[in-house]
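One structure is given here, and the rest of the page talks about it.
Below, all heavy atoms of this structure are taken into account, side chains as well, without hydrogens, waters or symmetry copies. Reminder, nothing fancy here: chain letters follow the sequence lines and each chain counts from 1. The shown structure was predicted, so the numbers you read here are calculated from the model rather than taken from an experiment.
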2 protein chains.
Amino acid sequence: MGLRPTRQRVALAGLLFRQGDRHVSAESLHDEVTKAGFEVSLATVYNTLHQFTEAGLLQQVVVDAGRSYFDTNIGDHQHFYYADEGELIDIPGAAIAIAGVPTPPKGTAVERVDVIVRIKRA
Amino acid sequence: MGLRPTRQRVALAGLLFRQGDRHVSAESLHDEVTKAGFEVSLATVYNTLHQFTEAGLLQQVVVDAGRSYFDTNIGDHQHFYYADEGELIDIPGAAIAIAGVPTPPKGTAVERVDVIVRIKRA
DNA sequence: CAATAGATTAGAATTGTTCTAAGAACGGAA
DNA sequence: TTCCGTTCTTAGAACAATTCTAATCTATTG
Ligand SMILES: [Mn+2]
Ligand SMILES: [Mn+2]
Ligand SMILES: [Zn+2]
Ligand SMILES: [Zn+2]
């Protein structure tokens with residue numbers, strides 16, 4: 001699965017990786033690439049985000065039923081999720097310590113431990 | 001918001017709370033209630049699951065883009081998620097210890113900390 | 001320069017979820 | 001007990017997020 005540097009993929013990669021760490025939804029990235037003057041369908045944005053994820057360039061973070069983000073920060077870290085604003089905020093991996101994860105069921109291995117700290121207007 | 005014991009709600013509550021702890025999707029519960037001989041629309045199953053959640057009888061667990069479960073175990077606990085089988089397995093709350101959650105942004109407070117241990121065929 | 005295999009794209013289809021408005025149940029007044 | 005305003009309930013329709021599929025494009029090989 002060699003990813004060719006097509007017009008669509010180059011445009012999306014440019015937006016995703018130019019600046020620092022980003023949390024984007026498929027929809028928001030599609031808006032962005034469209035406003036930047038490129039013609040890319042939303043389906044292609046999804047395809048590309050999944051391909052980049054599979055290639056290890058992105059991480060997918062699922063926060064709500066029917067709402068997921070793609071994260072350019074692929075290092076070990078966790079998230080605050082502020083549902084009122086639909087906003088994801090990074091928590092450095094070093095900050096949170098998770099102890100006591102039990103042995104997973106036979107025949108399986110731990111792939112990733114996701115922590116979402118749900119926050120609310122106080 | 002007094003919930004009336006309607007035919008639909010009584011049927012759903014019966015299925016949800018008869019046996020031990022359960023993780024159901026709206027779709028799977030709808031199948032179940034239909035097979036049990038009741039006529040309840042899928043929209044009503046969603047309504048009811050959300051009402052029960054708001055009433056503190058259920059917890060919603062979001063695992064994948066477009067896949068969420070409702071959990072009759074409302075105590076403090078966490079989950080293994082076995083994506084290959086779409087299966088959620090409880091981890092007792094006492095097992096996992098989470099330390100070092102940073103202070104949330106000003107004006108917000110922590111509502112809940114969700115931990116999902118994603119497991120894979122080894 | 002074919003011919004072929006593999007990759008790409010986006011429209012269409014599907015899935016999961018929420019909204020809305022018509023009807024049903026309730027409670028108070030007469 | 002009947003009427004009536006109010007609140008609650010339900011499910012069809014609408015919507016939103018995501019995935020599928022097949023037509024098209026690209027690369028590779030002879
Ligand atoms: Mn989105
Ligand atoms: Mn479902
Ligand atoms: Zn992040
Ligand atoms: Zn559970």
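Partners of F70(B) under the ring-ring contact (aromatic ring centres under 6.0 Å, His included) rule, at least two apart in sequence or in another chain, are H50(B). Partners of A43(A) according to the side-chain contact (heavy atoms from CB on, under 4.5 Å) rule, which considers only residues two or more places apart in sequence or in another chain, are S41(A).
A donor-acceptor contact shorter than 3.5 Å is absent between the side chain of S28(B) and the backbone of V24(B).
In the model, S68(A) has a side-chain atom that pairs as donor or acceptor with a side-chain atom of Q60(A) under 3.5 Å.
When the local axes at the two ends of the helix from dC1(C)-dG30(D) to dA30(C)-dT1(D) are compared, using 5 base pairs at each end, they differ in direction by 10° after rounding to 10°.
Within the 4.5 Å cutoff, the side chain of I98(A) has heavy atoms near those of the V115(A) side chain.
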Can you give the donor-acceptor pairs under 3.5 Å from side chains of residues 88-97 of chain A to other protein atoms, not counting sequence neighbours?
| from | atom 1 | to | atom 2 | distance (Å) |
| --- | --- | --- | --- | --- |
| D90(A) | OD1 | H23(A) | NE2 | 2.9 |
| D90(A) | OD1 | H77(A) | NE2 | 3.0 |
| D90(A) | OD1 | H79(A) | NE2 | 3.0 |
| D90(A) | OD2 | N73(A) | ND2 | 3.2 |

Run the side-chain donor-acceptor check on residues 8-19 of chain A: report pairs under 3.5 Å with partners two or more places apart or on a different chain.
| from | atom 1 | to | atom 2 | distance (Å) |
| --- | --- | --- | --- | --- |
| R9(A) | NE | R4(A) | O | 3.0 |
| R9(A) | NH1 | Q51(A) | OE1 | 2.8 |
| R9(A) | NH2 | R4(A) | O | 3.4 |

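For L3(B) and dC8(D), the CG to P distance is 10 Å, given to the nearest whole Å. In this structure, R67(B) atom CZ and dT19(D) atom P are separated by 11 Å, rounded to whole Å. Note: CG (L49(B)) to P (dG16(C)) measures 14 Å, nearest angstrom. Here dA11(D) presents its C1' atom at 13 Å from CG of L12(B), a figure rounded to the nearest Å. Rounded to a whole Å, the CZ atom of F38(B) is 13 Å from the P atom of dA11(D). With rounding to whole Å, D64(A) atom CG is found 16 Å from dT18(D) atom C1'. A straight line from CG of D31(A) to P of dA17(D) spans 11 Å, rounded to a whole angstrom. Between the P atom of dT15(C) and the CD atom of E27(B) lies a distance of 9 Å, rounded to the nearest Å.
Residue S25(A) places none of its side-chain N or O atoms closer than 4.0 Å to OP1 or OP2 of dA17(D). Contact between the side-chain N/O atoms of S41(B) and the OP1/OP2 oxygens of dA11(D) is found at a separation under 4.0 Å. Within the 4.0 Å cut-off from OP1 or OP2 of dA10(C), at least one side-chain nitrogen or oxygen of T44(A) is found. Put simply, S68(B) has no side-chain N or O that comes within less than 4.0 Å of OP1 or OP2 on dG16(C).
With distances taken from any side-chain atom of Q8(A) to the nucleotides dG16(C), dT9(C), dA17(D), the minimum falls on dT9(C).
Salt bridge status for E32(A) with R22(A): present, with a side-chain N to carboxylate O gap under 4.0 Å. The pair D114(B)-R118(A) meets the salt-bridge criterion, with a side-chain N (NZ, NE, NH1 or NH2) lying under 4.0 Å from an Asp/Glu carboxylate O.
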At a cut-off of 3.5 Å, list every protein nitrogen or oxygen paired with a nitrogen or oxygen from nucleotides 18-25 of chain C, distance to 0.1 Å.
| from | atom 1 | to | atom 2 | distance (Å) |
| --- | --- | --- | --- | --- |
| dT18(C) | OP2 | H50(B) | NE2 | 3.4 |

